[in-house]
Amino acid sequence: MALNLLDYDGPGLTAYFAAMGEKAFRATQVQRWIHRFGQDDFDAMTDIAKSLREKLKADSYVQPPPIISDKLSDDGTRKFLMDVGNGNAIETVFIPEETRGTLCISSQAGCALDCAFCSTGKQGFNRNLTVAEIIGQLWQANRAMGFDPRGERIISNVVMMGMGEPLANFDNVVTALHLMLDDNAYGLSRRRVTVSTSGIVPAMDRLRDACPVALAVSLHAPTDALRDKLVPINQKYPLAELMAACQRYLVKAPRDFITFEYVMLEGVNDADAQARQLVELTKDVPCKFNLIPFNPFPKAPFGRSRADRVRSFADILMGAGIVTTTRKTRGDDIDAACGQLAGQVKDKSRRVARAEDGKTIPLVEVQQ
Ligand code: SAH
Ligand code: SF4
């Protein structure tokens, strides 16, 4: 069966070439063509012998997920919808800022974790993305944005904050991360690649050992009672275990802090007292906080905290010496903001059908 070369990192490609009786440096050359120069046509790889090009053409191909739509927001944010087959489509978002360009990548078609405030979670889960589908988002975005391998980097940062829980698709995500960091592929520094997790504790330890990139943890609540409802995976890995895993991660991480993401839900998790609880909870973890104004989606049972509430909450964290930023909402006119990514998911978890029966969606009590 022919192989999609986007599925392989450096060692994988080298092993494939070795099996064809080809030297390792040939694999590196081809890898550079594919990832650095965005090339999918073997005939255009001019420094590769014709005989090898013919072999590659017979046995393999380079195929990222095709772009179905490409939308530009008024603020420059750009959202790609990509086809991953069988009625599933995923979203990838490019966010330009003054000093950097960030690509937000998806790791799964849907998500099985069902956080109460997340549009992706509400869609249910279909499957893990392959390596080619994960790295193919970066490949496609580079190409669509006029990738110039010698000039300024248009995509300088990658965040695994799109659809899905990256640590629930561990092996494929780590292989894709290796490609992002590889100088013969995308050559991003570890600090410019961020994995965001809802807190799958054993996988955080594995990531630390396999590829300790920057880590963001979706916290969203200061107590187990509330987090159990907002982020149901908390029932399995409660806060004390999560905080301990954050400390263990930092032992090997190139960055000396964890970024805690905290979506601000009006009247649910945004009181001053809750900010003070967070200070106490995170006191042994070198960290920053990133407050995210809640982005609404159809039938969402939450409201966005008011700006003055967010400011007061941030002031308490900062008063305790924690660097705190409030994320600007970007791309919401094209539904590209955090938590709005929905793509198209053929739900296998039957969550959508059950929700329509009104049976199993956990309702979160809103404090007044
Ligand atoms: N599954 C991973 C990464 C994808 S979600 C995780 O949960 O961390 C990326 C970020 O968007 C998370 O911090 C998530 O909590 C946040 N998010 C989800 N829904 C949101 C919404 N409706 N408004 C604002 N942020 C949201
Ligand atoms: Fe999944 Fe993250 Fe959404 Fe939770 S917030 S449902 S883990 S994508």
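Start at 1 and go down the list; that is how both ligands and their atoms are numbered. Here the structure is a predicted model, which is why all the values come from computation and not from measurement.
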Measuring from [atom], which candidate in [options] has the nearest non-hydrogen atom?
{"atom": "atom 14 (C) of ligand 1", "options": "Q108, E165, H220, K122", "answer": "H220"}
{"atom": "atom 8 (S) of ligand 2", "options": "A168, G121, G164", "answer": "G164"}
{"atom": "atom 7 (O) of ligand 1", "options": "C104, S218, G121, S107", "answer": "S218"}

Worksheet item: Below 4.0 Å from any atom of ligand 2, is there a heavy atom belonging to S218?
Response: no

Worksheet item: Any side-chain heavy-atom pair from Q140 and F80 closer than 4.5 angstrom?
Response: no

Fill in: T92 side chain near K79 side chain, heavy-atom distance below 4.5 Å
no

Please write down residue, atom name and distance for the protein heavy atom closest to [atom].
{"atom": "atom 3 (Fe) of ligand 2", "value": "C118 SG, 2.4 Å"}
{"atom": "atom 1 (Fe) of ligand 2", "value": "C111 SG, 2.3 Å"}
{"atom": "atom 6 (S) of ligand 2", "value": "C115 N, 3.3 Å"}

Of the backbone atoms (N, CA, C, O) and the side-chain heavy atoms from C-beta on, which set of [X] has a member under 4.0 Å from an atom of ligand 1: side chain, backbone, both, or neither?
{"X": "P293", "value": "backbone"}
{"X": "T197", "value": "backbone"}
{"X": "N295", "value": "both"}

Discussion item. Side chains of Q31 and D182 only: does a donor on one sit below 3.5 Å from an acceptor on the other?
Written reply: yes

Fill in: Distance filter under 4.0 Å to D114 heavy atoms, resulting ligand 2 atoms
6 (S)

Heteroatom proximity flag, [X] to ligand 1, N/O under 3.5 Å:
{"X": "S119", "answer": "no"}
{"X": "R327", "answer": "no"}
{"X": "F117", "answer": "yes"}

Discussion item. With heavy-atom distances below 4.0 Å as the criterion, list the atoms of ligand 1 near G164.
Written reply: 1 (N), 2 (C), 3 (C), 4 (C)

Worksheet entry | Atom indices of ligand 1, in the order listed, that fall short of 4.0 Å to a heavy atom of V263 | 23 (N), 24 (C), 25 (N)

Worksheet item: Centres of the F117 and H220 rings: under 6.0 Å?
Response: yes

Worksheet item: Counting only heavy atoms, which portion of V231 has something under 4.0 Å from ligand 2: side chain, backbone, both, or neither?
Response: neither

Discussion item. Which heavy atom of E165 sits nearest to which heavy atom of Q108, and what is that distance?
Written reply: N-OE1, 2.9 Å

